Number of protein chains: 2
Amino acid sequence: MTPTFPADVTQVGLAVDVAAFAMHAGELRVLLVQRGELPHARDWALPGGLVRGGEELHEAALRVLHTETGVELEPRHLEQFHTFGEVGRDPRGRIVSVAHLAVLPHGTVEVSSGGHTLGAEWLSAHRPPPLAFDHRSILDRALTRLQLRLEYANLALEFLPDTFTLPELQGVHEAILDRPLDKRNFRKRLLAQGILTPSGERRVGVGRPAQLYRRAKSARAAAL
Amino acid sequence: MTPTFPADVTQVGLAVDVAAFAMHAGELRVLLVQRGELPHARDWALPGGLVRGGEELHEAALRVLHTETGVELEPRHLEQFHTFGEVGRDPRGRIVSVAHLAVLPHGTVEVSSGGHTLGAEWLSAHRPPPLAFDHRSILDRALTRLQLRLEYANLALEFLPDTFTLPELQGVHEAILDRPLDKRNFRKRLLAQGILTPSGERRVGVGRPAQLYRRAKSARAAAL
DNA sequence: ACAAAAGTGTTAAGTGTACACCCATGT
DNA sequence: ACATGGGTGTACACTTAACACTTTTGT
């Protein structure tokens, strides 16, 4: 039975934090901001901020992403994955944060300092710098969820442009799982899922040109 | 980057709701309270309430469970699984609720009306009565999570007393999954996991007595 | 012709699933 | 002896993982 009104309790602040991922230089990167204020001034942190009164949680996530990093593009995937509410997690008071996982397509590189941060950068997701507050555990949990989503949904496609080659797709999987995969097994498995259609085009590069694929017109997989 | 202080925003209320499950009469039941106040007076709802300032989320979950249903016992399992924050979900204002999944052992039957509710009862989890607010979707999601946890962790054991028979354990699985399971395959799978040890005792009943088992001394499985 | 990256099949092991009869006890 | 529920094994389909060479292109 949800709340009694009016509240007989001290108020609790509600925030969102966003772990936004993208591929850069063949590596999985997470979008971090360098804090310009105490506490944790000059430390890296996930973009985040308080939720406004009439604002949906996912809207708040998009807003802080935009204002703190300048990222314009709609994420291809946005999903809350855990709520962090430990009493001592923020020295400024009782703040409960709904953590979100976002995936941005390759190409969304440009980030600009915004708000009261010193800057924003894409940094290694698996080997991040020290992070403010409890953001390291938020990031760790985001990575776990991202890895889980690779298998169920086909989240890897969201990291790539409309057309892509199988080696590129395999690279995304390897970057997310942080381990190498067998080429033949990977191709077999992906093609068997029937979610890819060859575009007919090929991508020329250093070696043999690769077939380009795009995602077949079909629905996405189930949620958790 | 977590919140800027002081907040330039309307405050948002933070609550917890609890979907507490137990077995009764061979059926999976969820603990519901009948609301005594508007809105949704006389409708069934999940136990829930506002989080207090210095209180951890799981503490709040235990508190509302206790005060609204009289359930004393510590749940064998307590886990947050999703945060429901849609703007219109509560007509009284902007309330964001962190939903929790709880498992109570068989035997925790007694519930008493508490607080401002008309009463509390264990009702069918798969075929619940109409629920207040968005509690039906919260319950549905709790069920999905519970089913998921059956495979990964061995959450079914938490529904049973210290010693139990394999048919009893299978009954818990079937009640949670809401479908029958093959006896031989079930036993094979469970015994292969090596998490059960025969207690030597047997339970006499109508037919052939069943071997009693208890959980082996070993750790629990990983989180999601 | 060489370097570089794409592409291609087979085998073995393990896992999941379907399925039917005998056993131990109480009445 | 019969009713009731407990306990047992095997065969097939499918999935997963390991493994090395050939093909296509540019230089």
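In what follows, every chain begins at residue 1, and chains take the letters A, B, ... in the order their sequences are listed. Because the structure is a prediction, the values reported are computed rather than measured. Values reported hereafter were calculated over all heavy atoms of this structure, with side chains retained and with hydrogens, waters and symmetry mates removed.
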| Do R29(A) and E27(A) sit within salt-bridge range, that is, some charged N less than 4.0 Å from a carboxylate O? | yes
| note | From CZ of R203(A) across to C1' of dT24(D) the rounded distance in Å is 17 Å
| message | Between R208(B) and dA3(D), is there a contact of a side-chain N or O with OP1 or OP2 at under 4.0 Å? | response | no
| query | Nearest-Å distance, CG (L190(A)) to P (dG7(C))? | reply | 13 Å
| Given atom NZ of K188(B) and atom C1' of dT17(C), what is their separation to the nearest angstrom? | 8 Å
| remark: In short, M23(A) meets G171(A) closest at the heavy-atom pair CE-O, 4.2 Å
| query | dG5(D) C1' sits how many Å from Q170(B) CD, rounded? | reply | 12 Å
| Spacing of R184(B) atom CZ relative to dA11(D) atom C1', expressed in whole Å | 12 Å
| message | I need the CG-C1' distance between N185(B) and dC19(C), as an integer number of Å. | response | 9 Å
| Quick one: on DNA chain D, does G205(A) or R187(B) contact a more 5' nucleotide (nearest heavy atom)? | R187(B)
| message | Between R136(A) and D17(A), does any NZ, NE, NH1 or NH2 come within less than 4.0 Å of an OD or OE carboxylate oxygen? | response | no
| field | Most 5' of R202(B) and T165(A) on DNA chain C, judged by nearest nucleotide | value | T165(A)
| remark: Here the distance between atom P of dA4(C) and atom NZ of K183(A), to the nearest Å, is 15 Å
| message | Can you measure F186(B) atom CZ to dT15(C) atom C1' for me and round it to whole angstrom units? | response | 17 Å
| message | Please identify which of these residues, E168(B), E174(B), H173(B), meets the side-chain hydrogen bond (donor to acceptor under 3.5 Å, both in side chains) condition with Q170(B). | response | E174(B)
| Selection from dT25(D), dG7(C), dG6(D) that lies nearest to any side-chain heavy atom of P209(A) | dT25(D)
| remark: Of D182(A) and V206(A), the one whose closest nucleotide on DNA chain C sits nearer the 5' end is V206(A)
